[in-house]
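Heads up, the thing below is written out as structure tokens.
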2 protein chains.
Amino acid sequence: MPRAQREEQILAVAEAVFAERGYQATTMEEVADRVGVTKPLIYGYFGSKDGLLSACVDRARAQLREATVSAWDAMPGDAPLEAVFESGIRAFFDFIDEHASAFALIQQEGAVAASTSRDIERIRTQQSAVVAEALGRVPGLTALPAGLLEGYAEVVIGACERVAVWRLGRPEVTAGDATALVMAGVWHGIGSLAVNDPAAGEPRSLAGRVRPAGS
Amino acid sequence: MPRAQREEQILAVAEAVFAERGYQATTMEEVADRVGVTKPLIYGYFGSKDGLLSACVDRARAQLREATVSAWDAMPGDAPLEAVFESGIRAFFDFIDEHASAFALIQQEGAVAASTSRDIERIRTQQSAVVAEALGRVPGLTALPAGLLEGYAEVVIGACERVAVWRLGRPEVTAGDATALVMAGVWHGIGSLAVNDPAAGEPRSLAGRVRPAGS
DNA sequence: AGGCGAACTTACCACCGGTAACTTACCGGC
DNA sequence: GCCGGTAAGTTACCGGTGGTAAGTTCGCCT
């Protein structure tokens, strides 16, 4: 089998095993067995266990970037900012639903050596850059320095990631619910919910859009 | 040396080593050597490498909870909600500045087996509960179901944690800057920045409060 | 043909998490 | 005072896993 094809096959298997067992509990032997080859071949291609995870992460990163950016690009140019923003967040949650094992890789961060950890961190800085760019086009934010936009972007992806993890144990929370939650939190702001007395109207009409966990 | 004292000593050393090297690269031998004992003693006390990390995390969790809750309790009862909220977030960032190695433990999450991972996850659910309780007292949010409050809490914690990690590589961003950033993001909402034309006044007066990364 | 490189394997090492068995020292009761 | 039990701590070891060296097969190009 040619190298490129074998590499792709190994990556697919490795992603599944890493997601299933976690980094530490994954043995190179198991990955090799599932692929149908032996350990040294994988070492020849990826160098080390860390290198294998790193390659998996690279693949997942490319996929995630493609998913969110294309969702964002698909919006018509005259769409309201809020809708554009929401579509990107929605794409993030949809991606996780469809690529659960890819998302699981991100949670393996602390497991690996510093070099690979930085690799995983790049998945976030990449998303951060995408979000920061989107924010930079928002009127009222164009004037803000890049460093500050970066900070806002971190807030957004932090919220997204945490909600995504939270959702793992709550199948009743749909991708739409999660999107509404993040939008309510970081776009409208929690404070804006507070100042609106619910007796004076739905606070941003969120209560009906996100189902509580217990129901 | 009595057990309790030895355990405390081991935990302090282990926290430092885990933070310094990461979970995987930390060997029980090194922890034992630095303490001045031998491996089996640590196994007798903590059971396993996972158990040792788990104990470290428990300690860090208790400290973090104490820091944030006490900051929150210290606010006078008639303080504005925004200020109460801000004080808790500020306490979080201050805690991380003072206990960098404790915070580093949280990032080791994926490194360990599922059982210990759940232990680390508890650090977040604990903070989530604190934040959710605070949110529950906010007028306009009291009526929301508990599951939804939880979701908001996740948004807040996710934003805080991500900004905290982001800050690790940016010493010029102070704890106050980080607090302002999170408050602007999740309390006021990014959308509220967008609708305010900067020419018509400072958007929430944030630009002057948070310094850009490059300056 | 022949050889040359890529794909792949067998056999092995070193290190580290974890354990069994033993030694030492303290402490309470007669 | 001495003696039994328990807690603190050690030496010596095992097994598994990441990682490697050397060899083998196979296809392809001249």
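Sequence lines set the chain letters: A, B, ... in the order given, protein chains first and strands last, and positions in each chain run from 1.
Distance A:Gln5 CD to C:dA6 P: 18 Å, rounded to the nearest Å. Rounded to an integer number of Å, the gap from B:Asp33 CG to D:dG9 P is 15 Å. A:Met1 has its CE atom 16 Å from the P atom of D:dC26, to the nearest Å. Between the CD atom of A:Glu30 and the C1' atom of D:dG16 there is a distance of 14 Å, given to the nearest Å. In this structure, CE of B:Met28 is placed 17 Å from C1' of D:dG16, rounded to the nearest angstrom. The NZ-C1' distance, from B:Lys49 to C:dT19, rounds to 17 Å in whole Å. Here the C1' atom of nucleotide C:dG17 and the CZ atom of B:Phe46 are 16 Å apart, to the nearest Å.
Side chain to side chain, A:Ser70 and A:Asp73 fail the donor-acceptor criterion of an N or O pair below 3.5 Å. A side-chain donor from one of B:Ser128 and B:Glu154 sits under 3.5 Å from a side-chain acceptor of the other. With 3.5 Å as the limit, one finds a donor-acceptor pair spanning the side chains of A:Glu150 and B:Trp166. Remark: the A:Gln127 side chain and the A:Arg124 side chain contain no N/O donor-acceptor pair separated by less than 3.5 Å.
Applying the 4.0 Å criterion to OP1 and OP2 of D:dG9, one finds that B:Tyr45 has a side-chain N or O inside that range. The phosphate of C:dC8 has neither OP1 nor OP2 within less than 4.0 Å of any side-chain N or O from A:Tyr43. OP1 or OP2 of D:dG9 sits under 4.0 Å from a side-chain N or O of B:Arg6.
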Worksheet item: Between A:Glu30 and A:Arg21, is a salt bridge (charged side-chain N to carboxylate O under 4.0 Å, His left out) present by the stated rule, with each step listed?
Response: CA-CA 11 Å; A:Glu30 177 170 2; A:Arg21 296 226 194 288; 2.8 Å; yes
Item to complete: Given side chain to side chain contact (heavy atoms under 4.5 Å, CB included), test B:Glu15 with B:His99 step by step and report yes or no.
Response: CA-CA 10 Å; B:Glu15 180 178 303; B:His99 302 79; 5.6 Å; no
Any N/O pairs under 3.5 Å between the protein and nucleotides 11-14 of chain D? List them or say none.
none

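Ion pair B:Asp97/B:Arg167 flagged as a salt bridge, since at least one NZ, NE, NH1 or NH2 atom sits closer than 4.0 Å to an Asp/Glu carboxylate oxygen. With respect to the salt-bridge test (charged N to carboxylate O, under 4.0 angstrom), the residues B:Glu20 and B:Arg34 qualify.
Between A:Trp187 and A:Phe85, the two ring planes are tilted [angle within 30° to 60°].
Residues of residues 7-21 of chain B having a heavy atom closer than 4.0 Å to DNA chain D: none are found.
The side chain of B:Leu41 approaches D:dG9 more closely than any other nucleotide in the set D:dG19, D:dG9, C:dC8.
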